[in-house]
Student: 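Would you mind keeping the following structure in view while I ask a few things?
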Number of protein chains: 2
Amino acid sequence: MVAIVDASLTRFGKRKEDVFQLAKESSLPIIRRFKDIDFVLISNSYSGEFNNVSGINNLISSYLSLDEIPSIRIDNTSGSGGSAILVAKSLIDSGQARAILVIGVEKMSTMKTREVTSVISSLLPPRERSIGISLPSLASIMTKIYMRRYGASREAIAEVSVKNHWNGARNPFAHIRKEITLEEVLSSPVVADPLRQYEFCPISDGAASVLITSDEEALSYTSKPVFIKGVAMGSDSSHITDREDILEMKAVKIAGELAMKRAKVERVDFAELHDMATILEIVEGEALGLLEKGKGWTYYLNGMTGVDGEIPINTSGGLNSKGHPIGASGIGQVIEGFLQIRGEAGERQVKEARVGLTVSMAGFGNSATAIVLGDEI
Amino acid sequence: MVAIVDASLTRFGKRKEDVFQLAKESSLPIIRRFKDIDFVLISNSYSGEFNNVSGINNLISSYLSLDEIPSIRIDNTSGSGGSAILVAKSLIDSGQARAILVIGVEKMSTMKTREVTSVISSLLPPRERSIGISLPSLASIMTKIYMRRYGASREAIAEVSVKNHWNGARNPFAHIRKEITLEEVLSSPVVADPLRQYEFCPISDGAASVLITSDEEALSYTSKPVFIKGVAMGSDSSHITDREDILEMKAVKIAGELAMKRAKVERVDFAELHDMATILEIVEGEALGLLEKGKGWTYYLNGMTGVDGEIPINTSGGLNSKGHPIGASGIGQVIEGFLQIRGEAGERQVKEARVGLTVSMAGFGNSATAIVLGDEI
Ligand SMILES: [Ca+2]
């Protein structure tokens, strides 16, 4: 087993710093504290497209004066962070490394929104991309099907955004730090009918870093390690039109079940999900069994997913409010878990946060990595 | 320990097929033979730049109808293949996967040579890139220093290319399948003085795939598994100007020594090195102790690195003749080792090829992965 023994991140948002400066800002506190890092993993998807940089793992290592430390870039689009954690765990469990610095980073604001959307559409299969499908349009279709099938109210779905912005307002590292009302969500510009601007993640720059060691060595780094109790990946068709049921989120479901089984836990105290759009938080929550199938939307009418609710989801603010710098997001999620379990989440602290689940998802759910974190082995 | 239990590759070269078709051509024979693949690693660096595709691991999986199999993209520029083998080994050793299909692929000929060179220059640190340094110009500087310091003859360095083309002419999967003479090398156009066109790898499309399992399970896949006896990475400054000695190839040296130590072997029967330029094969051979320091060039005057020589190097034809589709190269190297150790290398078969070494290098040596292959555990 492995543990997270240190964590550090930048504020997510439109940042003036370049990709190297962001990576440095997030990792320098860790590098200063620990001198024995022996492997670096860079979770990043679009440095070529957004920053005109390749081999970014080696260039970041050099920028950090970690030239002599081997490094690899791990990419799985929006799910890169989860994949990097999985690889880090394997490298340590198999004895290839002892102390791995995982840096998730993405600098996206070099391009205009329309260009960013076009670059990210390159993850869609050619057949669907060629007819103009985009991630927001898929979220739109999913919302309509969900509302029709389960009689979900429009307001309930928008409440995901209200809750996540309430949380994000309390997270000093979040991109959008302001509470918003239901009325504000529902009167924001339509992006992909019926979903509106406040229901999608913003385009963010940012970086997030963790240090991972074996559980045996963890206590020599910190008195409060957070253990990675189970990690698992699931996969699903990249062609949405090939899926039996667009609401099923098979990759998320498989990853979640297997990670829980490997962690030997049956319930969690909180979760960080991939809420690129509001609707995704609901259907992922259902796929994971955190929310009752078909009734996930009702939880949002009763505050049950809030910080003090029955099953707090996205206490960090989620992608929706915290932001979604692609390669950094999955690392940001485990950092929220790290802070919650250590009792260091400030105003958004969940009571009795001992076991948490994070789900790092790629594309529109063609890949997902679930990670169960806990305060004991 | 893990083993390579199957291998398959495309012909390298200017191919009309796209990146998906190449990946399929190389992996389909393996997928047809074995149904229990449970993880896919894609070794690829430039799908965004060359093919306008991101999340290529998931798109290739879908294209291969392996939708339900988790996948990750591994990138380390020219050294991606070696890094992917290291990750595959760790995933299996740690119990995260049992049978991993590693596909190395790159489709480069979508762009003109000048554009390809510009894209690849994006791996250089901004400080050096901004003054117009390119990989060929670094090879030029290295050659001049080597010749001056060790009194190496110009002909000896060119002989690397003659030998590699002799080998490549005997490799049905090589890009350039023709023998060339010393005169032809030395009269080919100057690329970066004193190095000439035949002394650099061509720009190639191609894909190479291997199936990796644990050593315990290997015999249920094949009667002739090739064991990965040791893998190690080394790293060095990305700033060439920061290196104490440009001829030292520190990343290669460290990786080689550690991989040999882990493999518990003291000598190898053959090696596949990263001969992006002729001079690199010589200095890498010296860094690895295969060739005597400062006298590596003399080996090429006596045929000592040929198929029937004392230490055969790049029997596949190397990057120089076989071609260098970035993400596929490191996988192509281990496939040559697989074929040699199984006695299936045809006209270029090394006698008594029982232990081999491959070195997958990134950039101009800022990262290297050494892999020791053998016929027994
Ligand atoms: Ca390096």
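Letters go in sequence order (proteins before strands), and every chain restarts at 1. The figures here come from the full heavy-atom set of this structure, side chains too, leaving out hydrogens, waters and symmetry mates.
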Student: Is the side chain of Arg73(A) donor-acceptor paired with the backbone N or O of Ser43(A) at a distance under 3.5 Å, no angle test?
Tutor: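 Side chain of Arg73(A) to backbone of Ser43(A): no pair is present.
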Student: With a 4.5 angstrom heavy-atom cut-off, could you sort out which part of Ser45(A) is near chain B: side chain, backbone, both or neither?
Tutor: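 The answer is the backbone of Ser45(A).
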Student: Exactly one of Met361(A), Glu106(A), His274(A) should register a side chain to side chain contact (heavy atoms under 4.5 Å, CB included) with Ser78(A). Which one does?
Tutor: His274(A)
Student: Would you check if the side chain of Ser214(B) reaches a backbone N or O of Val2(B) as a donor-acceptor pair within less than 3.5 Å?
Tutor: no
Student: At a 4.5 Å cut-off on heavy atoms, which part of Asp236(A) comes close to chain B: side chain, backbone, both, or neither?
Tutor: backbone
Student: For the CG atom of Asn58(B) and the CG atom of Asp67(B), what is their distance to the nearest 0.5 Å?
Tutor: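 Result: 9.0 Å between the selected atoms.
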Student: Salt bridge or not for Glu257(A) and Lys261(A), using N-O below 4.0 Å?
Tutor: no
Student: Side chain, backbone, both or neither: which part of Asn57(B) has a non-hydrogen atom closer than 4.5 Å to chain A?
Tutor: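 For Asn57(B), the contact with chain A is made by the side chain alone.
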Student: What part of Leu124(B) is in contact with chain A, defined as an atom under 4.5 angstrom from a non-hydrogen atom: side chain, backbone, both or neither?
Tutor: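 Backbone of Leu124(B) only, per the 4.5 Å heavy-atom cut-off to chain A.
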Student: Is Ile56(B) in contact with chain A via its backbone, its side chain, both, or neither, using a 4.5 Å heavy-atom distance?
Tutor: neither
Student: If you tally heavy-atom pairs under 4.5 Å against chain B, which of Asn366(A), Asp93(A), Thr77(A) wins?
Tutor: Asn366(A)
Student: So how far is it from Ile326(B) CD1 to Leu123(B) CG, rounded to the nearest 0.5 Å?
Tutor: 8.0 Å
Student: Assess whether a salt bridge exists between Lys24(B) and Asp18(B), defined as any Lys/Arg side-chain N lying under 4.0 Å from an Asp/Glu carboxylate O.
Tutor: no
Student: Chain A heavy atoms under 4.5 Å from Ile69(B): which part of the residue, side chain, backbone, both or neither?
Tutor: backbone
Student: Out of Glu49(B), Arg129(B), Lys89(B), which one racks up the most heavy-atom pairs below 4.5 Å with chain A?
Tutor: Arg129(B)
Student: Below 4.5 Å from any heavy atom of chain B, which atoms of Ile42(A) appear? Answer side chain, backbone, both or neither.
Tutor: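 Contact with chain B is absent: no heavy atom of Ile42(A) under 4.5 Å.
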Student: So for Ser122(B), is it side chain, backbone, both, or neither that comes closer than 4.5 Å to the heavy atoms of chain A?
Tutor: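 For Ser122(B), the contact with chain A is made by backbone and side chain together.
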Student: By a 4.5 Å heavy-atom criterion (distance strictly below it), what part of Tyr63(A) contacts chain B: side chain, backbone, both, or neither?
Tutor: neither
Student: Taking NZ, NE, NH1 and NH2 as the nitrogens, is one of them in Glu217(B) or Arg98(B) under 4.0 Å from a carboxylate oxygen of the other?
Tutor: yes
Student: Any chance CZ of Arg262(B) has more than 12 other-residue heavy atoms, nucleotides or ligands included, within less than 6.0 Å?
Tutor: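 For Arg262(B), atom CZ is crowded (more than 12 foreign heavy atoms under 6.0 Å).
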Student: What part of Ser83(B) gets closer than 4.5 Å to chain A, counting heavy atoms only: side chain, backbone, both or neither?
Tutor: both
Student: Among Asn51(A), Thr369(A), Leu86(A), single out the residue with the greatest number of heavy-atom pairs under 4.5 Å to chain B.
Tutor: Leu86(A)
Student: Please flag which part of Ser80(B) lies under 4.5 Å from any non-hydrogen atom of chain A: side chain, backbone, both or neither.
Tutor: neither
